[in-house]
There are 2 protein chains.
Amino acid sequence: MELREAKDRFIHTWGTLATQWGINRTMSQIHALLLLSPKSLNADEIMDELQISRGNVNMNLRDLMSWGIIYKQLLPGERKEYFIAEKDIWKVARLIARERKKRELTPIVDTIDDIKKNLKDNTEEGKEFQKIINDISSVSSFTEMTLDHIVKSEESWLINTFLKVFK
Amino acid sequence: MELREAKDRFIHTWGTLATQWGINRTMSQIHALLLLSPKSLNADEIMDELQISRGNVNMNLRDLMSWGIIYKQLLPGERKEYFIAEKDIWKVARLIARERKKRELTPIVDTIDDIKKNLKDNTEEGKEFQKIINDISSVSSFTEMTLDHIVKSEESWLINTFLKVFK
DNA sequence: TTGAATTTTCAAAATTTTCTGAAAATATTT
DNA sequence: AAATATTTTCAGAAAATTTTGAAAATTCAA
């Protein structure tokens with residue numbers, strides 16, 4: 001397999017998967033492109049490489065920056081803005097986990113807490129509802145804690161060690 | 001808060017979140033409805049409750065069954081099919097984790113493995129690419145293993161104990 | 001069998017999401 | 001300050017996804 005082909009395949013798979021993640025295809029493809037690029041790229045280069053419009057590139061670069069997984073880089077003597085991806089994949093994984101937790105988990109935990117606080121219903125049906133809500137609350141808390149635990153660990157050596165043990 | 005209102009809020013939040021998960025809104029709403037329902041429901045009741053078409057209900061019930069998180073129930077003396085949700089939330093969480101792993105993680109691991117096997121490129125750029133690919137491979141494996149570990153644990157007491165410790 | 005009840009399918013319609021491209025805003029150079 | 005380069009915005013277009021609803025298929029009772 002050629003390097004060119006390998007890169008394209010990776011970018012393509014990454015982008016396709018994103019769709020199932022609820023993240024848009026282009027955003028992932030730009031991320032993949034930057035991740036694989038040894039040097040930072042500007043908007044025109046990304047447009048050209050992925051054959052997409054300037055507006056699209058701009059919007060998604062902004063999103064990627066808000067996730068904290070790419071950085072803007074100002075090159076001396078260059079007028080254009082260049083972008084480079086965070087290359088520490090463990091850090092990228094933590095940032096993605098943090099963002100997904102924020103988007104996927106926190107809202108349901110908040111809703112459930114609010115319902116638990118405010119629901120006054122002592123009928124049989126009400127009690128059953130409370131039970132389910134409490135169960136879901138447990139699972140959510142557990143998941144949240146597990147993610148936090150991974151996200152917060154700034155040292156990656158522990159995780160790396162864990163990985164080696166199981167390899 | 002009334003029971004009715006609480007249930008509606010939960011179903012609504014659950015459905016809205018699903019969108020960000022890459023899972024469709026209706027599928028989640030049907031799941032939430034069944035999860036909160038003390039008795040099993042048939043297609044007409046679901047159509048009526050969520051104000052959606054028969055085809056939509058049918059399709060999503062099938063999807064939910066393929067995830068293993070709802071069951072078909074044939075009531076004696078009833079012609080219609082009834083559906084009931086798996087109420088053991090830890091089991092539901094494991095089934096969802098398993099399905100998401102299959103959809104989100106496995107394809108990227110497979111692509112990467114294939115690229116690792118087939119790429120022959122010893123240029124500087126090729127080596128850098130290999131490095132990134134290997135890093136991503138590590139993170140994916142780690143995540144896959146962590147999920148497996150949770151998913152495979154058929155006993156939930158350990159997890160429950162863990163939860164209590166942190167509560 | 002026949003026919004009524006129920007479920008399934010799927011083409012077309014509706015909705016939602018993403019993308020484009022050109023105009024507006026901002027930044028930099030001369 | 002004017003000209004030029006670059007980035008940002010956003011309304012409308014395009015694409016993707018979801019939903020509908022009616023016809024076809026299936027199931028079951030008589």
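The chains referred to below are lettered A, B, ... by the order of the sequence lines, with proteins before strands, and numbering in each begins at 1.
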Measure from CE on B:Met47 to P on C:dT7 and round the result to the nearest Å.
-> 11 Å

Should B:Met1 and A:Ile133 be counted in the same cluster of Ile, Leu, Val, Met, Phe, Trp and Tyr side chains packed under 4.5 Å apart?
-> yes

5'-most contact on DNA chain C (nearest-nucleotide basis), B:Arg25 vs A:Gln51, goes to B:Arg25

Would you say the side-chain atoms of A:Asn58 pair up with the backbone N or O of A:Arg54, donor to acceptor, closer than 3.5 Å?
-> no

Mapping A:Ile23 and A:Arg54 to their closest nucleotides on DNA chain C, which lands nearer the 5' end?
-> A:Ile23

Salt-bridge criterion met for A:Asp113 and A:Lys117 (N-O under 4.0 Å) = no

Hey, does the side chain of A:Asn58 come within less than 4.0 Å of D:dT8's phosphate (OP1/OP2), counting only N and O?
-> yes

State whether B:Thr19 places a side-chain N or O below 4.0 Å from either non-bridging phosphate oxygen (OP1 or OP2) of C:dT16.
-> no

Does a side-chain N or O from A:Asn24 land closer than 4.0 Å to OP1 or OP2 of C:dC19, or not?
-> yes

Give A:Asn56 one of three labels, base, sugar-phosphate or nothing, depending on what nucleic acid heavy atoms sit under 4.0 Å from its own.
-> base

d(CG, A:Asn60; C1', C:dT17) in whole Å = 12 Å

Between C:dC19 (C1') and A:Ile30 (CD1): distance, integer Å | 11 Å

Atom-to-atom span, CD1 of B:Ile52 to C1' of C:dA14 - whole angstrom = 15 Å

Rounded to whole Å, the OH-P distance (A:Tyr82 to D:dT6) equals 9 Å

